[in-house]
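This report refers to the structure that appears directly beneath it.
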Amino acid sequence: MLILSEDGGVRAVEDRFTVLGDEEGAGRARPVILSRARFEADAERLWSEGFELGVRLAADDKVEDLAYDLPRLAVVALEFPKFRDGRAFTSAVLLRQRYGFLGEVRAVGDVLLDQAFAMVRCGFSAFETRASAADWARAIGRYAVVYQTSADGRQPAFLARATKS
Amino acid sequence: MYAYDGLDRSLVRDRVDEFRDQVARRLAGSLSEEQFKPLRLMNGLYLQLHGYMLRVAIPYGVLSSAKLRALAHVARRWDRGYGHFTTRQNLQFHWVKLSETPDILAYLAEHDLHAIQTSGNCIRNTTTDPFAGAARDEADDPRVWCEVIRQWSTLHPEFSYLPRKFKIAVTASAKDRAAIKAHDIGLRLGRDAEGRLVFEVLVGGGLGRTPHIGALVKKDLPADRLLSFLTAILRVYNREGRRDNLYKARIKILVSELGLAAFAEKVEQEWAALDPTEIDILGTELARIRGQFALAKLDPRPAVSRGFEAARTREDFARFARNNIAPHKVQGYGIVTISLKGIGDTPGDCTADQMEAIADLAESYSQSEIRVTHAQNLVLPNVALDDALALFEGLRAIGLASANINLASDIIACPGLDYCALANARAIPIAQAIARRFEDPIFEEAVGELQVKISGCINACGHHHLGHIGILGVDKKGEEYYQLTLGGSGAEDAAIGAVLGPAVAAGDVADAVEALARRYLEVRQPEERFLDTVRRLGPTPFKAAVYEHADTV
Ligand code: SF4
């Protein structure tokens, strides 16, 4: 898995989390990622047993439904069922901008190198991909200028012009 | 005209590098065609019947002489010496090689041109009134807002993988020369009772297999809140637009499935929830952009140009003046439309030589400014009436003086089966055959305004639904047939044409159109356009005129 590091670079890391299937026994306390259904059924119990929790949202799940629990979540994994399906971009922006979510926003599913730039701009911070850290870093650093604000806090051209003059 | 600064240029250059890298990975095989397809499409590169086609963006249809010369160079060096202007005010090169496209884009970038977002499921090139900045009846210059939208929508990280393509058009006049009601979003700029600039926002227009006329979703939107409101619409669409069926993925389907009121409610909720200070254009930036579109100084001219009046005693020039020159907001000037629809021409095609000659004429007579119209013609927006005759002669020398704007031979036609892999039938030869029927200018002018629009398949790139006479290529057991529609309009009185009757054979289309025009001359009332007569009488008399002889299926 690749993650954005503090300095804005990209690092390959071992994934601390394991996916806990809907029917699987919970086992000992550890970092796990749940489906939304399992999360709704089981989150309180798992938290009380000391689990660290993440939730995986399908493309048509609404981040609004998680709002109340967000401060307690370590990871929200957003799924790209096909790379052409761009719903997760909006989900990520809302998590960061509307709900101020500070945990990990992870891209899972069909995660394409050529979308790295858009993902990072929308607030994704972790990527389940086979691409190398070097390629990923190059893709996200591709553009020196952006035109619009997004969840990454980059200064867009219109603000750069305003501060220049 | 908007001039790129270092920031705009940097982005275009970085884009070329990115695409060069993607093409290299594709040619090396590390990107599959499936993965490469959306990437090349977002750079305007299509795979067509004969090979690759590159669609170059002409933001809101505005070109300078220098840019037009650069396009001529591309046509000559990397294509077959011509290009094709499209209904989205862009330019297509139909014969490029994949391996050469990075070089073409690099060359274009040197001239502040690119192919970003001319295709793909993203926000496409915003289109506008080709008379913008020169029209008498506009509330403000719509190009200012097109440029604002261009910047906001370029490489928008959230809205680059929408359910489907997304088209925005802007007008600032009561007379709609931008077909705003046929767009995913149509914007009409006007002034409210206090004189402030406000937008009327229409949503859900579009053609294709289920044509819709855009519906009003917001009145009196303060102009400086435009980008946050667009963001709200796009966000609702990105999340809720259908992705299960290609043909139901446009926003028009979402609007009609939810109902306009429910859709508008969702947009308002999203708009209320987002932080406008992060999105809406700053006053200083708006002023900077507006400053670049300030009308270049036009020397004051007398209201009546003696040279122009004298020239009008010549019948050919008089006809050109009647049909191709529109009034300008500055006294003594006119807006000249150059028809790319000469008899026998391919609608919208322009050779490299013609492009260069037009660039020169624009430099001499129109402050080096050229516009592309959605009817696939070109416009020189700032021509002194004193110069009109010289311009006319210049155009005649390059075979572009057809005096047929908005007349029957000023046909919109998509590339059709001559180029397009999706086509059922040819469109270009049909357009040429129809144009020949109106070769006699006296007959053509007697018929008057008549918009004929031809699409080679149901995707409707030729806007046939909006034609006063629409022609749609259909496949009947492997043969090319054409369905006729009547009564459509893409202007302020927008309407979808109604099917007239059974489809007719390729050889009968020109007969049918001529029969419709002749029937109109028989039954019209004074001052009625073809469209008005159709609307007054309905299809019956026209149906009879067409189906008396035609070979139908
Ligand atoms: S209308 Fe059909 S045939 Fe014509 S260009 Fe569009 S897709 Fe091709």
Side-chain angles (χ1 to χ4, degrees), chain A residues 59-64 80-94 96-100 110 112-124 131 135 138-165, chain B residues 5-15 17-18 21-22 25 30-31 34-39 42 120-122 148 150-163 227 231 234-241 243 270 273-275 277-286 288-289:
Chain A
D60 56 356
D61 286 332
K62 297 269 179 275
V63 291
E64 285 87 336
F80 289 82
K82 287 180 288 197
F83 68 85
R84 287 191 303 275
D85 186 331
R87 285 176 284 185
F89 290 113
T90 291
S91 298
V93 168
L94 293 178
R96 296 299 192 203
Q97 288 194 321
R98 186 153 306 162
Y99 297 106
D110 194 2
L112 188 68
L113 173 63
D114 300 274
Q115 292 181 321
F117 172 73
M119 285 177 180
V120 169
R121 292 226 63 209
C122 289
F124 284 93
D135 283 348
R138 200 157 46 95
I140 68 178
R142 176 72 72 183
Y143 290 96
V145 172
V146 295
Y147 274 131
Q148 53 302 89
T149 45
S150 194
D152 59 351
R154 278 186 70 172
Q155 188 188 47
F158 71 87
L159 288 178
R161 287 173 181 134
T163 48
K164 207 175 57 189
S165 53
Chain B
D5 66 5
L7 301 180
D8 298 301
R9 276 200 193 103
S10 153
L11 189 141
V12 171
R13 256 189 267 115
D14 290 342
R15 177 65 156 205
D17 291 344
E18 179 182 44
D21 178 61
Q22 288 164 343
R25 280 155 60 216
S30 65
L31 269 182
E34 205 220 337
Q35 291 169 327
F36 181 56
K37 186 176 170 190
L39 308 174
M42 267 185 254
N121 292 337
C122 50
V148 168
R150 181 191 74 78
Q151 295 193 22
W152 164 78
S153 63
T154 297
L155 267 51
H156 197 296
E158 189 182 341
F159 304 135
S160 289
Y161 294 88
L162 297 168
L227 293 184
T231 300
L234 267 297
R235 201 168 265 174
V236 169
Y237 172 55
N238 191 38
R239 302 182 92 187
E240 308 208 9
R243 292 176 185 265
E270 180 55 40
L274 52 75
D275 179 358
T277 59
E278 302 220 306
I279 303 171
D280 282 322
I281 180 95
L282 290 179
T284 49
E285 175 66 356
L286 186 61
R288 183 186 77 91
I289 294 173

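Naming: A, B, ... by sequence-line order, numbering from 1 per chain.
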All ring-ring contact (aromatic ring centres under 6.0 Å, His included) counterparts of A:Phe124, not counting sequence neighbours: A:Phe80
Test ring-ring contact (aromatic ring centres under 6.0 Å, His included) applied to B:Tyr237 - qualifying residues, sequence neighbours left out: B:Phe166
Inter-residue atom distance [X].[atom1] - [Y].[atom2], 0.5 Å rounding:
{"X": "B:Arg243", "Y": "A:Asp60", "atom1": "CZ", "atom2": "CG", "answer": "11.0 Å"}
{"X": "B:His156", "Y": "A:Cys122", "atom1": "NE2", "atom2": "SG", "answer": "8.0 Å"}
{"X": "B:Glu34", "Y": "A:Arg84", "atom1": "CD", "atom2": "CZ", "answer": "5.5 Å"}
{"X": "B:Glu278", "Y": "A:Gln148", "atom1": "CD", "atom2": "CD", "answer": "12.0 Å"}
{"X": "A:Arg142", "Y": "B:Leu155", "atom1": "CZ", "atom2": "CG", "answer": "11.5 Å"}

At their closest point, which heavy atom of [X] faces which heavy atom of [Y], and how far apart are they?
{"X": "A:Val145", "Y": "B:Ser10", "answer": "CG2-OG, 3.4 Å"}
{"X": "A:Tyr147", "Y": "B:Arg150", "answer": "OH-NH2, 3.3 Å"}
{"X": "B:Glu285", "Y": "A:Phe158", "answer": "CG-CB, 3.6 Å"}
{"X": "A:Arg87", "Y": "B:Asn238", "answer": "CG-O, 3.2 Å"}
{"X": "B:Asp14", "Y": "A:Ala144", "answer": "OD2-N, 3.0 Å"}

Given a strict heavy-atom distance threshold of 4.5 Å, which part of [X] is in contact with chain A: side chain, backbone, both, or neither?
{"X": "B:Leu31", "result": "side chain"}
{"X": "B:Thr154", "result": "both"}
{"X": "B:Leu39", "result": "side chain"}
{"X": "B:Glu240", "result": "side chain"}

Please determine whether the number of non-hydrogen atoms from other residues, nucleotides or ligands lying under 6.0 Å from atom NZ of A:Lys62 exceeds 12. yes
With chain A, which of [options] has the greatest number of heavy-atom pairs at distances under 4.5 Å?
{"options": "B:Arg239, B:Arg15, B:Arg235", "result": "B:Arg239"}
{"options": "B:Leu227, B:Asp275, B:Leu282, B:Asn121", "result": "B:Leu282"}
{"options": "B:Leu11, B:Thr284, B:Ile289", "result": "B:Leu11"}

Among the listed options [options], the residue most often paired with chain B at heavy-atom distances under 4.5 Å:
{"options": "A:Leu94, A:Val146, A:Thr90", "answer": "A:Thr90"}
{"options": "A:Val93, A:Thr149, A:Asp114", "answer": "A:Asp114"}
{"options": "A:Arg121, A:Arg98, A:Gln97, A:Met119", "answer": "A:Arg98"}

Under a 4.0 Å threshold between the charged nitrogen and the carboxylate oxygen, would A:Arg138 count as salt-bridged to B:Asp17? no
Check ion pair B:Arg25-A:Asp135 (N to O, under 4.0 angstrom): no
For B:Tyr161 and A:Phe83, take the angle between the two ring planes, folded into 0 to 90°, and tell me which bin it lands in: parallel under 30, tilted 30 to 60, perpendicular over 60. perpendicular
